[in-house]
Trainee: 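Below you'll find the structure I mean.
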Amino acid sequence: MIDRLNPKLYILLLLLASVSKMHLSAQIAVGEWRTHLPYQSANIVMVTDNKAFCSTTGGLFYYGLDDNSLEKLSKTEGLSDNGVIAMHWSEEDQLALLAYSNANLDILKGNQIINIPDIMKKQIPGDKSVYNISFLDGNAYLSCGFGIVVLDLIRLEIRETYFIGDNGSQLKINQTASDGTFIYAATDNGVKRAELANPFLIDFNSWELIADLPDPNGAYTGVAFFNGRLFVVHNEPSGGKRVYYLDGTWKEFSGMAGDDCNELRKVGDYLLFTGKEGVRIMSKDFIVMKQHDTGNPRSAEVDRDGILWVADNGRGLVRVDAGGTEMAVKPNGPRSEIGYDMASGGGVLYTVTGGVTANWNNLFSPGVLQTFSDQTWSDTYNSDFRDLIVLAVDPEDHAHLYAASWGYGLVEYHEGVPQKVHNETNSTLRSILPGGDFIRLGGVALDGDNNLWMTNTGVAEPISVFKRDGTWLSYSTDGILSDFNALGAILFTEAGHLWGIIPRGRGLFALNFNGTPENTDDDEYRLVSVQDENGQVITNEVYSFAEDLNGNLWLGTNQGILVIYSPGQLFPGGSVFAREILVPRDDGTEYADPLLETQKITSIVVDGANRKWIGTAAGGAFLVSEDGREQIYNFNTGNSPILSNSILDICVDGKTGEVFFGTDKGIISFRGTATAGASDYSNVKVFPNPVRETYHGPIAISGLLAETTVKITDMGGNLVRELRSDGGQAIWDGNDFNGQRVATGVYLVFMANRKPTAAHVTKILFIH
């Protein structure tokens, strides 16, 4: 049968079988984003006709009631923002309304996402948060920190705003409900009501306080009208949240005795009470027909089949069937949204969740190492050591890494498991208070011989090295580093010198061990002020640094980017100075401005093409060209899915080109075009391959030597396109020299480097 196949078709089939093995199903394409958020700390659940949505401290996801699917939702999937703090489904209007932590709003209706940013953009002093959402007669009533906002669901616009505090002042509204005649508002100063038919609800005089409640002016966090009775949740002055209902007089609801009610919600024919210990479901005859005690419930709903769904602060979304059997569901993600420091090796990302205060004091956060490997997150939690703040990955064994603690010494891991803690008992490391947990390590770095160096703040010998052979050495550095209350990040330059940051405006230090750690006679130690060529201090507020592929030292400061060219000239007996990078203005003039001069630079990373990824404290992330004079990207919350403009750290996976951004709101990644250059062409990959008719994105050819020339031809040898690699990766848009999409067929990819013996050929299959 094979012999009778058309020869060209036979080649296509063989190639399809071979290249399909190279496809990595979970790998994202060049230019795509994905979030890496924790989903176990759930806050709110919302059930629609066919989905159960769950909002967590990290992100939003849903579980498909019909197909058991599990999908994450964020700006990457088209939402307008991140951080859902309130959401509600309208069965009548067949839509869901989401409120974000910044008061931005999204309506999900069918396949549409409709953004309503009015509250977010409105200049309202004080608290603009949306605490609850209710629906009535085609309107959404938003309980806000300042009052009630009425959203017209037909016109999709804000209709009215009610300021119902004394004399029309702002008043925090926790929840609203209606009995068809009145609208009720549970506030921090009692429960108020007004007639729905009153055309002047915007007038605070239209709202009256319910004076016969047990504590008329107290804080009420919930209100609901259910089968002819009004229920309220009172924040007791003595502590706890009790439920009262009106039955001629106000009575305490015994069904919540011994538990605090954190959420009161009417769902169809049921009234749900969510407490600290469990969920109660009350039927129309006012009988608690079901009580389910679970871990740490925050919110609950019942779906069309009577299944209970619970947002649990610890287990994510919990499904409880009629028999009480639980099933916890959540997408895979890290334990914590914090990516204080990140490092990668061999296609594996590591991150620690510790940190320090602005004054470099301890936070005492538990020791958590998070690992992203094979598209899956895992973590190791340990409370015996805390405040892990910086990582170093062994280049010879990427499963072996070190985590430096600001207080508890050095933790050595292998495959995510702690193997050993190095402290005063087994190393040269010392505590500020002898015998205490104050072994403060602010920086770690491996030298060319795979010896691990580290800073040990506040002790007589502030530099230690853990040698490859397992022995330790330490150095007094002639006392120049002993008086600082913090020593930060360090790195080894190509000249073999150790450079470090002295936080809190103290500049830099540089050490030269002349390649002989055991011999201190030839050591040189220098404090380095960040000065210009005239000896004038530019700034000593340095927050980050990196050495580029040309051996230049890039500094991230409170005044943008500075560069020390040829830092190796400092030793022996020399001097160095820093320069600004002047970026020409795009206005036709000859003027230029210093690169990011108004930004505080928190992170600098050099990619495989010697371009610089730059993180800022408030301006998002930037990618600039090799010399810094051209801006390639600026990712911020206004133009990209990035979670926050406050960047804590950036890490580039040299193997895949994926760029991870650690922000104050979580980790998100973007697959860039550059990877680290390979040593040979033995691991060339094409993604995607085959290129199917539905795909029109960039095609990545990775595993290349740096500065590779890529020539793409058809099977007849006709040149289709020529490319140049960014580091170890070249990107093809699938078009020929004329900008036309290439036809279905097999294409040969020829790769060559300046090395005369370095060449390789692979294939790409296009299907239309």
Side-chain angles (χ1 to χ4, degrees), residues 40-56 62-66 68 86-91 96 132-135 175 177 179 186 221-234 240-247 251-330:
Q40 66 271 19
S41 298
N43 295 318
I44 316 165
V45 63
M46 173 183 72
V47 177
T48 70
D49 284 344
N50 55 7
K51 295 180 177 70
F53 288 80
C54 184
S55 177
T56 73
Y62 71 78
Y63 180 85
L65 303 183
D66 296 326
N68 302 319
M87 58 183 179
H88 202 56
W89 166 254
S90 171
E91 181 70 26
N132 195 267
I133 301 169
S134 63
F135 295 106
Q175 190 172 7
D179 60 4
T221 59
V223 60
F225 186 79
F226 182 69
N227 201 23
R229 293 182 184 176
L230 187 67
F231 288 76
V232 297
V233 181
H234 180 226
K241 296 179 180 179
R242 296 186 180 182
V243 179
Y244 295 90
Y245 66 97
L246 184 61
D247 185 18
K251 301 175 182 178
E252 183 177 354
F253 177 58
S254 60
M256 284 297 294
D259 196 3
D260 294 334
C261 184
N262 292 316
E263 183 189 65
L264 181 63
R265 179 183 290 192
K266 180 181 180 295
V267 182
D269 293 333
Y270 306 106
L271 187 63
L272 274 63
F273 306 84
T274 303
K276 287 183 177 180
E277 298 177 0
V279 179
R280 283 89 166 161
I281 303 176
M282 188 172 73
S283 63
K284 283 188 173 182
D285 53 7
F286 303 106
I287 295 175
V288 176
M289 54 176 288
K290 183 173 184 178
Q291 177 173 332
H292 185 81
D293 295 330
T294 183
N296 193 356
R298 295 297 177 87
S299 176
E301 268 229 48
V302 175
D303 70 16
R304 63 195 181 194
D305 298 321
I307 302 297
L308 175 65
W309 294 88
V310 180
D312 186 273
N313 186 30
R315 295 190 295 159
L317 180 62
V318 179
R319 178 186 186 275
V320 185
D321 66 18
T325 301
E326 295 184 348
M327 179 184 70
V329 293
K330 64 180 185 295

Trainee: Check whether any side-chain heavy atom of H292 lies under 4.5 Å from a side-chain heavy atom of E326, and answer yes or no.
Mentor: yes

Trainee: Closer than 3.5 angstrom, by distance alone: can the side chain of N262 be matched with the main-chain N or O of T274 as a donor-acceptor pair?
Mentor: no

Trainee: side-chain contact (heavy atoms from CB on, under 4.5 Å) with W309: which of D303, V318, V279, V302?
Mentor: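 For W309, the side-chain contact (heavy atoms from CB on, under 4.5 Å) test succeeds with only one of D303, V318, V279, V302, which is D303.
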
Trainee: If only atom types and distance count, is the side chain of E263 paired as donor or acceptor with the main-chain N or O of A300 below 3.5 Å?
Mentor: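 Yes; at least one donor-acceptor contact below 3.5 Å.
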
Trainee: Which residues pass the side chain to side chain contact (heavy atoms under 4.5 Å, CB included) test with R229, sequence neighbours left out?
Mentor: F231, Y245, D247, F286

Trainee: Considering all heavy atoms of both residues, which atom of Q175 and which atom of L264 are nearest to each other, and what is their separation?
Mentor: NE2-O, 3.0 Å

Trainee: Between K51 and D66, is the side-chain contact (heavy atoms from CB on, under 4.5 Å) condition met? List the steps.
Mentor: CA-CA 8 Å; K51 295 180 177 70; D66 296 326; over 6 Å; no

Trainee: What distance separates L317 CG from S299 OG, expressed to the nearest 0.5 Å?
Mentor: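 Here the interatomic distance stands at 10.0 Å.
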
Trainee: Do V45 and V310 have side-chain heavy atoms sitting under 4.5 Å apart?
Mentor: no

Trainee: How close do D269 and F226 get, heavy atom to heavy atom, and via which atoms?
Mentor: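 Shortest heavy-atom separation between D269 and F226 comes out as O-CZ, 3.6 Å.
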
Trainee: Calculate, to the nearest 0.5 Å, the distance between atoms CZ and OG belonging to R265 and S134 respectively.
Mentor: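 Interatomic distance, R265 CZ to S134 OG, rounded to 0.5 Å: 11.5 Å.
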
Trainee: CZ of R304 to CG of L65: how many Å apart, nearest 0.5 Å?
Mentor: 5.0 Å

Trainee: Grab the two heavy atoms, one from I307 and one from R319, that are nearest each other, plus how far apart they are.
Mentor: CG2-CG, 3.5 Å

Trainee: Taking all heavy atoms of T56 and all of N43, pick out the closest pair and write down the distance.
Mentor: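 Shortest heavy-atom separation between T56 and N43 comes out as C-ND2, 3.9 Å.
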
Trainee: Can you name the residues that form a ring-ring contact (aromatic ring centres under 6.0 Å, His included) with F135, not counting sequence neighbours?
Mentor: H88

Trainee: Do L271 and R280 have side chains that get closer than 4.5 Å, going by heavy atoms?
Mentor: no

Trainee: Evaluate the criterion side-chain contact (heavy atoms from CB on, under 4.5 Å) for residue pair F253 and M282; output intermediate values, then yes/no.
Mentor: CA-CA 11 Å; F253 177 58; M282 188 172 73; 3.8 Å; yes

Trainee: First locate atom OG of S55, then atom CE of M46, and finally report the distance between them rounded to the nearest 0.5 Å.
Mentor: 9.5 Å

Trainee: Between atom NZ of K266 and atom CG of L272, what is the distance when rounded to the nearest 0.5 Å?
Mentor: 11.0 Å

Trainee: Quick check: do M256 and V233 have side-chain heavy atoms less than 4.5 Å from each other?
Mentor: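 A side-chain contact under 4.5 Å is absent here.
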
Trainee: Grab the two heavy atoms, one from V223 and one from A177, that are nearest each other, plus how far apart they are.
Mentor: O-CB, 3.7 Å

Trainee: Within the structure provided, determine whether W89 and F53 are in side-chain contact (heavy-atom separation under 4.5 Å).
Mentor: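 A side-chain contact is absent here, since even the closest heavy-atom pair is not under 4.5 Å.
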
Trainee: Look only at the side chain of N227 and the backbone of K284, and say whether a donor-acceptor pair between them is shorter than 3.5 Å.
Mentor: yes

Trainee: Of all the heavy-atom pairs spanning A42 and C54, show the shortest one and how long it is.
Mentor: CB-SG, 3.4 Å

Trainee: Closer than 3.5 angstrom, by distance alone: can the side chain of D312 be matched with the main-chain N or O of N296 as a donor-acceptor pair?
Mentor: yes

Trainee: With a 3.5 Å distance limit and no angle check, can you tell me whether D259 reaches the backbone of E277 through a side-chain donor-acceptor pair?
Mentor: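 Yes.
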
Trainee: If you measure from CE on M327 to CG on N68, what distance do you get to the nearest 0.5 Å?
Mentor: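 Between atom CE of M327 and atom CG of N68 there are 6.5 Å.
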
Trainee: For the OH atom on Y62, are there more than 12 heavy atoms of other groups (residues, nucleotides or ligands in this structure) within a distance under 6.0 Å?
Mentor: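 Enclosed: over 12 neighbouring heavy atoms sit under 6.0 Å from OH of Y62.
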
